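One-based numbering along the sequence shown. What you see is a predicted model, and the numbers here were worked out from it, not measured in a lab.
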Amino acid sequence: MNHHSTRHRNTTLSIEDLAALRENLHEQRLFRLEQLQQLTAAAHRPQALSDRRAASQTEVRVKLAASARMVLADVEAALVRMEQGRYGTCHLCRRPIARDRLIIVPQARYCGRCQQVREAGR
């Protein structure tokens, strides 16, 4: 049985692709963990700033930390999918996610089409 005829070239991930994507995900994970550590450390420093500036900086840190946590969760979920052999399949339509898209967004859960539909529905 020939698998190559049923799969499109732009969706098939080679072993090298997967290795590169896994490395990228691990790097992103480390970066986000370090970012969160820095943000938390900054939050515990004594405030020498005026209260208003301190409050606005705290707000920025809270937002940055929240977005870093979201990306971290997505990255970790993608690594789990890799381990389980479910990586690179759209959560909605179950079709393969384009290789080009995964190279840009390795933690993507949805193919480009389903992602657009989700964003349009927000």
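Placement of Val71 and Leu36 in two distinct hydrophobic clusters is found when ILVMFWY residues are connected by side-chain heavy-atom separations under 4.5 Å, directly or transitively.
Of the inter-residue distances, the one linking Leu72 atom CG with Leu30 atom CG reads 10.0 Å to the nearest 0.5 angstrom. The CG atom of Leu13 sits 7.0 Å away from atom OH of Tyr87, with the distance rounded to the nearest 0.5 Å. A distance of 5.0 Å separates CD1 in Ile97 from CG in Leu102, rounded to the nearest 0.5 Å. Note that the CG atom of Leu33 and the CZ atom of Arg69 stand 11.0 Å from one another [nearest 0.5 Å].
Nearest heavy atom pair, residue Leu18 against residue Met82, reads O-CE, 3.9 Å.
Looking at residues two or more places apart in sequence or on another chain, you find no side-chain contact (heavy atoms from CB on, under 4.5 Å) involving Glu83.
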Would you give me the side-chain donor-acceptor pairs under 3.5 Å for residues 103-115, sequence neighbours excluded?
unit_1 : atom_1 : unit_2 : atom_2 : d
Gln107 : OE1    : Gln28  : NE2    : 3.4
Arg109 : NH2    : Asp74  : OD1    : 3.3
Tyr110 : OH     : Arg118 : NH1    : 3.3
Gln115 : OE1    : Arg101 : NH2    : 3.3
Gln115 : NE2    : Glu119 : OE2    : 2.9

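Residue pairs that meet the salt bridge (Lys or Arg N to Asp or Glu O under 4.0 Å) test with at least one member in residues 18-34, sequence neighbours left out, are Arg29-Glu76.
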